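Order of listing sets the numbers, starting from 1, for every ligand and every atom in it. Basis for what follows: all heavy atoms, side chains included, without hydrogens, waters or symmetry-related copies. As the structure is a computational prediction, the values presented were derived from the model and not from experiment. Residue indices begin at 1 and follow the sequence shown.
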Amino acid sequence: MPAQDVLVIGLGYVGLPLAVQAARAGFLVTGFDTSAGITQALNAGRSHVDDVSGGDVEAARAQGFAATADEADLKPPDVIVICVPTPLSEADGPDLSAVRAAAKTAGRLLRPGTLVSLESTTYPGTTEEIVRPLLEKASGLSAGVDFALVFSPERIDPGNPDYGLVNTPKIVGGVTPACAEAAAAFYGRICDQVVRAASAREAEMAKLLENTYRHVNIALVNEMAIFCRELDIDLHDAIRCAATKPFGFQPFYPGPGVGGHCIPIDPNYLSYKVRTLGYPFRFVELAQEINSRMPGYVTDRAAELLNRAARPLNGARVLLLGVTYKKDIADQRESPARPIARKLRTRGAAVAYHDPYVPSWQVDGTDVPRASDLAAAIAAADLVILLQAHRDYDLPQLAATARLLLDTRGVIPATPAAPHIETL
Ligand SMILES: NC(=O)c1ccc[n+]([C@@H]2O[C@H](COP(=O)([O-])OP(=O)(O)OC[C@H]3O[C@@H](n4cnc5c(N)ncnc54)[C@H](O)[C@@H]3O)[C@@H](O)[C@H]2O)c1
């Protein structure tokens, strides 16, 4: 079989792993990204994405992968995959401007027989109502007749050592069943298992269901963490016990707030869609309210802990450990560390941070001092707040040397013998 040409539009956390994996599967892959900095780095064999190494990019390049930021370089491919960002607008509604721009780019390259797959997370109806008309207008062709169009949600979990693109089942939902079959044939060469949705809308909904499920369950345990403390119940121990039930329960853990591109943002896409029906999506709105209050709760707990040691938060040296949104990765998007640092500063604390993945960190345009000597910084801090338990951190050592420690991840057992340590 001759090598099929694949164009990946958007070479970020989603698009780059796909481009690399498609090259590995024998496709001739071109990447298009509007950021020339990113395409230049990739063409020089450097990766900006946690789960993709420079060696992976080099290997893809040896298979013919090349990246460009110039649309004029692009030739009509057999498959186009759209992996551009879907952020929130200022009004907290969906911002589909990158999806629209990518659909126009794709439309200009469409030929009879092309497969177009949208992977960006978005509300149900986007593939049919937004992407399809743009593709058809730019090409003069019809989706489901002349070319195939599907939605195939990316389910990448950055930093997950067990599940990646290949062994996570890939959902495809076509505007027609034949479109889904075309997509299944493509993704079947890259992923171990392809799951067909009834249509693009169900595939779009499946992704939002997964993320809303996480969002709501995280809010549930966050709310429980607040009242369990007042009831003097160790919630982490209760979760450990509940998780031994072999059916009907999945553990979620409290934390300082939700971060990353998906959990704080995607449910807004769904509540936007529900609001078009004239009523709110109450579960999502409640979960948002609870999760967004967690940084304030962490700040209050920090002040309380210092108060017990007869120290005001105003003027205290507070060291934040781990400012990324997730353990063992460098991604800082929507990390709750930022509102926590802001609130601590507003209340007069002298905030410093340490994170093995973040060489410099700004909050509201101001640099937060980075602790270069971790042991010295822990010893010097009035209070250490563990926000992300990166594997580099020596937790027993931290527990033994911090003067006061607020563990927002529940990874350091609080014992009566260690009253200087508190868990969220
Ligand atoms: N990061 C994740 O863990 C994750 C997981 C599942 C789904 N998603 C979804 O996948 C989509 C992409 O997310 P991401 O994390 O890869 O974003 P990202 O910001 O890491 O990468 C997107 C890339 O697209 C480029 N871009 C923007 N507009 C473009 C255009 N018009 N043409 C070409 N390139 C363009 C940007 O320069 C950027 O490099 C989003 O909808 C997101 O919700 C992300």
TODO: Report yes or no: is the cationic atom of R111 (NZ for Lys, CZ for Arg) closer than 6.0 Å to the six-membered ring centre of F147, at no more than 45° off its axis?
DONE: no

Open item on the list: Can a donor-acceptor pair be found, under 3.5 Å and without considering hydrogens, that links the side chain of S142 to the backbone of V145?
Closed with: no

- [ ] Using the ring of Y187 (Phe, Tyr or Trp, six-membered ring only), decide whether K170 places NZ or CZ under 6.0 Å from its centre and within 45 degrees of its axis.
- [x] yes

Task: Carboxylate-amine/guanidinium proximity below 4.0 Å for R342 and D364 - done: yes

Task: Y13 ring center near H261 ring center (under 6.0 Å) - done: no

Open item on the list: Using side chain to side chain donor-acceptor pair (under 3.5 Å), reason through D56 and Q21 one step at a time and then give a plain yes or no.
Closed with: CA-CA 9 Å; D56 294 333; Q21 207 56 49; over 6 Å; no

- [ ] Please list, by chain and number, the protein residues whose heavy atoms come under 4.0 Å of ligand 1.
- [x] I9, G10, L11, G12, Y13, V14, F32, D33, T34, S35, I38, C83, V84, P85, T86, A98, A101, A102, S120, T121, E154, I156, P158, K207, H261, C262, R333

